[in-house]
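Below you'll find the structure I mean.
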Amino acid sequence: PAGIGPEIIIKTLAQKTIYDQCQPLIVGDAAVLERETQFLKIPLKINAIQSVEDAKFEHGIIDVYDLKNVDLTELQPGVVSAMAGKAAFEAVKKVIELALAKEIDATVTAPLNKESIHKAGHHFSGHTEIYAHYTNTSKFAMLLADENFRVIHVSTHVSLRQACDLCKKDRVLEVISLLHDACLKFGIKKPRIAVAGLNPHAGENGLFGDEEINE
């Protein structure tokens with residue numbers, strides 16, 4: 001709520017084409033979005049609801065599953081705080097719950113500030129780990145996609161020094177398998193998968209590192 005999420009949401013849902021593609025429902029704090037519409041001078045009505053079935057799904061109205069977890073008198077845009085982190089975390093957790101209960105078909109998240117959720121006592125390194133935890137998923141990785149190009153990470157949200165230490169054969173094979181399965185689900189019948197080297201020139205046979213040889 002203290003970041004760019006509310007602005008992105010409002011500017012996105014101001015576009016009628018979004019409603020031609022899906023029925024968007026926002027999970028968060030209605031008062032935050034109300035204030036943001038006024039700040040942006042975008043004439044959209046906020047419909048605060050407590051259940052999915054109460055959503056109107058009409059362009060011009062933003063349906064907000066209102067968690068009422070932000071005190072506007074304390075919220076400072078652009079400032080990291082435990083309150084903002086708690087609110088953001090609770091929003092992500094709620095959309096996962098709604099999806100698992102099959103009340104919604106898919107989830108999309110706004111940017112999440114890792115420091116703020118840590119200040120709120122939730123020690124996850126990012127969205128990926130939160131989703132894995134609350135869906136009881138043990139094997140997972142972050143996948144980035146653009147058109148027909150996809151990139152999957154062996155390590156995520158760790159220092160470069162740690163990333164090198166985490167580059168192990170078993171993990172690399174696990175991630176290749178995850179990507180292959182994901183591509184099949186995307187309808188790609190014969191995925192072409194390339195694995196990036198870790199060191200310059202992929203180690204040059206041990207000249208610039210031995211991770212490629214050993215792992």
- Are Val92 and Phe124 in one and the same hydrophobic cluster, where Ile, Leu, Val, Met, Phe, Trp and Tyr link if side-chain heavy atoms are under 4.5 Å apart? yes
- Item | Heavy-atom side-chain contact between Val154 and Leu166 under 4.5 Å |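 Of all side-chain heavy-atom pairs linking Leu166 with Val154, none is under 4.5 Å.
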- Compute the ring centroids of Phe140 and Tyr131, then answer whether they are less than 6.0 Å apart.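 Distance test on ring centres: not under 6.0 Å, no.
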- Task: Show your reasoning for whether side-chain contact (heavy atoms from CB on, under 4.5 Å) applies to Leu143 and Leu179.
- Result: CA-CA 8 Å; Leu143 176 66; Leu179 179 58; 3.7 Å; yes
- One should read off an interatomic distance between Glu7 CD and Leu40 CG, to the nearest 0.5 angstrom, of 5.0 Å
- Item | Check: Leu198 main-chain N/O paired with Glu212 side-chain donor or acceptor under 3.5 Å | yes
- Query: Side chain of Asn47, backbone of Ile61: donor and acceptor closer than 3.5 Å?
  - Reply: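 Between the backbone of Ile61 and the side chain of Asn47 there is no qualifying donor-acceptor contact (under 3.5 Å).
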- Task: Supply the atom-to-atom distance Met142 CE to Ile152 CD1, rounded to the nearest 0.5 angstrom.
- Result: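 Between atom CE of Met142 and atom CD1 of Ile152 there are 10.5 Å.
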- Item | Lys114 atom NZ, over 12 foreign heavy atoms within 6.0 Å |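 Atom NZ in Lys114 is crowded, with more than 12 foreign heavy atoms closer than 6.0 Å.
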- Item | Test: Glu90 and Lys86 ion pair at under 4.0 Å | yes
- Task: Let me see the working for Lys93 and Ile130 under side-chain contact (heavy atoms from CB on, under 4.5 Å), right down to the final yes or no.
- Result: CA-CA 8 Å; Lys93 185 170 180 285; Ile130 297 173; 5.7 Å; no
- Message: For Leu207, is the CG atom crowded, meaning more than 12 foreign heavy atoms sit under 6.0 Å from it?
- Response: yes
- Message: In this structure, would Leu178 and Leu184 fall into the same cluster of hydrophobic residues linked by side-chain contacts under 4.5 Å?
- Response: no
- When rounded to the nearest 0.5 angstrom, what is the spacing between CD in Gln23 and CG in Asp105?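 CG of Asp105 is found 8.5 Å from CD of Gln23.
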- Item | From Tyr65 atom OH to Leu25 atom CG, the distance as rounded to the nearest 0.5 Å | 8.5 Å
- Message: Are more than 12 heavy atoms, taken from residues, nucleotides or ligands other than Phe39, located less than 6.0 Å from that residue's CZ atom?
- Response: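 No.
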- Query: Take atom CG in Asp20; do more than 12 heavy atoms of anything else shown fall under 6.0 Å from it?
  - Reply: yes
- dist Leu98:CG -> Ile104:CD1 (nearest 0.5 Å) comes out at 5.0 Å
- Using 30° and 60° as the class limits, which term best fits the ring planes of His123 and His118: parallel, tilted or perpendicular? perpendicular
- Message: Any side-chain to backbone donor/acceptor pair from His127 onto Pro111? Under 3.5 Å, distance only.
- Response: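 The answer is no, because no donor-acceptor pair under 3.5 Å joins these two groups.
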- For residues 161-184, which residue pairs qualify under side-chain hydrogen bond (donor to acceptor under 3.5 Å, both in side chains), counting only residues two or more places apart or in two chains?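 Found Ser159-Gln162, Arg171-Glu174.
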- Item | Audit row: Lys68, Gln50, side-chain contact (heavy atoms from CB on, under 4.5 Å) steps and yes/no | CA-CA 10 Å; Lys68 300 178 180 178; Gln50 295 299 311; 3.8 Å; yes
- Task: Quick one: pull up CD1 in Ile26 and CD1 in Ile46 and give me the separation to the nearest 0.5 Å.
- Result: 9.0 Å
- Near Gln76 CD, under 6.0 Å, is it more than 12 heavy atoms from other residues, nucleotides or ligands? no
- Side-chain (Glu204) to main-chain (Pro200) donor-acceptor, under 3.5 angstrom: no
- Task: Applying ring pair (Phe, Tyr, Trp, His ring centres under 6.0 Å), name anything that partners His201, two or more places apart in sequence or on another chain.
- Result: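 Result, ring pair (Phe, Tyr, Trp, His ring centres under 6.0 Å) vs His201: Phe208.
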- List the steps and the verdict of side-chain contact (heavy atoms from CB on, under 4.5 Å) for Leu75 and Arg35. CA-CA 11 Å; Leu75 184 67; Arg35 187 171 79 173; 3.5 Å; yes
- Return yes if some donor-acceptor pair links the side-chain N/O of Asp29 with the main-chain N/O of Val70 below 3.5 Å, else return no.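 Judged by distance alone, yes, a pair lies under 3.5 Å.
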